[in-house]
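Step one of this worksheet: look at the structure below.
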There are 2 protein chains.
Amino acid sequence: MKNRYEPALRATGHTQRGQCAKRLSILDAAAHVFCREGFSGASIDEIAVAACVSRQTIYNHYREKETLFTAVVEDVMDRANAMLYSILATFPDKSDNIEDDLTAFAVRLSKNCLCNQDGKFLRKLVQSEGERYPHLFEAWRQHGPGKISSALGALFSRLCHKGVLQIDDFDLAARQFLALVNADLQMISLFGGTPTDEELESAARNAVQTFLRAYGKPAGTSIAQPPSLAVVS
Amino acid sequence: MKNRYEPALRATGHTQRGQCAKRLSILDAAAHVFCREGFSGASIDEIAVAACVSRQTIYNHYREKETLFTAVVEDVMDRANAMLYSILATFPDKSDNIEDDLTAFAVRLSKNCLCNQDGKFLRKLVQSEGERYPHLFEAWRQHGPGKISSALGALFSRLCHKGVLQIDDFDLAARQFLALVNADLQMISLFGGTPTDEELESAARNAVQTFLRAYGKPAGTSIAQPPSLAVVS
DNA sequence: GTCAATTTAGACACCATTGTCTAAAACGTC
DNA sequence: GACGTTTTAGACAATGGTGTCTAAATTGAC
């Protein structure tokens with residue numbers, strides 16, 4: 001009872017570095033195992049082995065399996081969120097070739113947000129455990145696809161004001177853009193492997209071409225619009 | 001050892017009806033429980049209770065949990081397959097309003113193939129257990145989305161020859177059509193609830209409008225195509 | 001009603017997992 | 001090297017699930 005680990009001391013410590021390493025190692029390993037096995041299929045021992053840590057250490061940091069799980073989800077969502085914003089910032093202010101710029105943007109987005117380990121984790125876990133943890137599901141819905149959609153919507157709004165796109169419903173267009181990008185990728189990333197750069201590139205190009213055919217405004221030729229579209233300019 | 005149940009006798013029987021009822025009850029209950037809990041989370045006892053059947057009866061019909069699981073998957077996939085073909089047959093041969101016809105078609109497709117219980121089961125289970133059962137995953141890929149895509153591709157090809165659509169890559173267009181239909185629905189059907197008729201209708205209309213802006217050929221005005229498109233005719 | 005096929009409840013051994021506990025070891029700082 | 005903090009291995013009880021077995025009950029065809 002003398003030298004038992006007291007979680008309350010964590011904030012006061014001078015040994016933050018070592019702890020953080022263990023914590024991160026645990027979170028990382030847990031993310032992988034949870035992703036592969038699901039919540040009920042993942043065992044604490046398996047996670048401990050993957051994290052190169054004893055089982056007791058996990059129980060020192062997280063009261064129980066469920067605590068660990070929600071911590072992992074929060075960690076992954078935070079990272080995904082930061083990644084999203086850093087990617088949004090890369091879209092050029094002055095775009096002379098909207099197709100190329102949108103394609104490059106879609107590649108970065110799918111590579112670093114949708115098809116990476118974090119994206120796969122969130123997709124799988126929210127789908128399989130979403131009904132069991134409604135608050136988790138809601139947080140994901142708002143911070144994940146919700147954030148992406150509204151951020152994309154803002155981007156499209158900017159591009160509309162510049163006369164490059166012609167969109168009525170920005171949110172809808174954002175959802176459709178994401179759906180189109182995923183159209184070619186979900187099969188690959190479901191299979192387990194991450195898509196190659198060529199696959200990402202081709203998926204993005206296909207998506208952007210179709211998107212621009214639906215929402216793009218041809219350079220100087222406003223006459224060439226399909227007549228069923230009400231041209232607002 | 002006298003009156004033990006012998007699976008080999010099943011085919012010779014005169015009591016097919018009763019057995020079928022039990023079998024279907026088990027398959028149905030198992031599908032629900034597997035869908036809700038995942039493979040490792042679902043317990044045989046839970047399935048037995050849901051099927052109003054004793055646990056031993058399940059073990060009489062299926063050697064082990066895994067056997068039951070694959071049987072459920074095959075059952076659901078067969079049903080989904082039949083449903084798909086019955087829906088494909090509903091697309092009118094002579095279509096005077098392509099937008100309305102495609103929309104009605106998309107509603108039927110999403111309602112009876114994508115958002116119904118079977119669709120949800122397949123999506124969740126393939127996603128969570130696909131890596132553990134590669135053969136299952138492959139079967140789903142070919143018989144599920146693969147079938148839908150190629151069937152849709154064939155339909156689009158017909159519509160192209162009639163001059164209603166203008167498509168280079170039919171498979172790509174099919175995948176994109178499905179992705180667009182799902183764009184508005186995945187969030188709803190992930191949440192657990194099945195979408196309302198209004199939601200299905202609006203999702204289908206949004207998808208079809210965008211799809212037709214990208215791939216539709218305006219009635220008599222072939223000049224009005226965006227110049228970037230190579231007109232093949 | 002008879003008979004065989006089928007289902008049932010319950011008990012059972014077996015195993016994996018969770019979460020706790022303890023004493024020893026390792027770590028980091030001074 | 002001393003000291004408090006943290007990690008570790010291993011044992012542990014409790015739990016819950018799988019799959020087997022048995023004897024009794026039910027069903028359905030004749």
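Taking atom CD of residue A:Gln56 and atom C1' of nucleotide C:dA26, one finds them 16 Å apart after rounding to whole Å. Rounded to whole Å, atom C1' of C:dA9 lies 13 Å from atom CG of B:Asn60. The separation between A:Tyr62 atom OH and C:dT18 atom P is 16 Å, rounded to whole Å. Taking atom CD of residue B:Glu46 and atom P of nucleotide D:dG16, one finds them 13 Å apart after rounding to whole Å. If you measure from atom CD1 of B:Ile26 to atom P of C:dT6, you get 13 Å, rounded to the nearest angstrom.
Of the possible polar contacts, none joining the A:Ser189 side chain to the A:Thr194 backbone as a donor-acceptor pair under 3.5 Å is found.
Checking C:dT18, C:dA9, D:dG19 against the side-chain heavy atoms of A:Lys65 singles out C:dT18 as nearest. The side chain of A:Arg55 lies closest to D:dC12, out of C:dT8, D:dC12, C:dC21. Taking the side chain of A:Tyr59 as heavy atoms from C-beta on, and the options D:dT7, C:dG19, C:dT7, the nearest nucleotide is C:dG19. Nearest nucleotide to the side chain of B:His61, out of D:dT20, D:dT8, C:dT7: C:dT7.
Mapping B:Cys52 and A:Glu64 onto DNA chain C via the closest heavy atom, the residue that lands nearer the 5' end is B:Cys52.
A donor and an acceptor atom, one from each side chain of B:Gln176 and B:Tyr215, are located under 3.5 Å apart.
Of the candidates B:Arg79, B:Lys124, B:Lys111, B:Asp118 forms a salt bridge (charged side-chain N to carboxylate O under 4.0 Å, His left out) with just one, namely B:Arg79.
Contact check of residues 33-45 of chain A against DNA chain C (heavy atom, cut-off under 4.0 Å) returns A:Ala42, A:Ser43, A:Ile44, A:Asp45.
A salt bridge is defined here as a Lys NZ or Arg NE, NH1 or NH2 lying under 4.0 Å from an Asp or Glu carboxylate O, and A:Glu66 with A:Arg132 fails to meet this definition. A salt bridge is absent between A:Arg55 and A:Glu46; no separation between the charged side-chain nitrogens and carboxylate oxygens falls under 4.0 Å.
Within the structure, a side-chain polar atom (N or O) of A:Thr57 is placed less than 4.0 Å from OP1 or OP2 of D:dT8. A close approach under 4.0 Å does occur between a side-chain nitrogen or oxygen of B:Lys22 and OP1 or OP2 of C:dT8.
When side chains are defined from C-beta on, A:Leu180 does not count as touching A:Asn206, because their heavy atoms never get closer than 4.5 Å. Counting heavy atoms from C-beta outward, B:Phe156 and B:Phe211 have side chains that approach closer than 4.5 Å.
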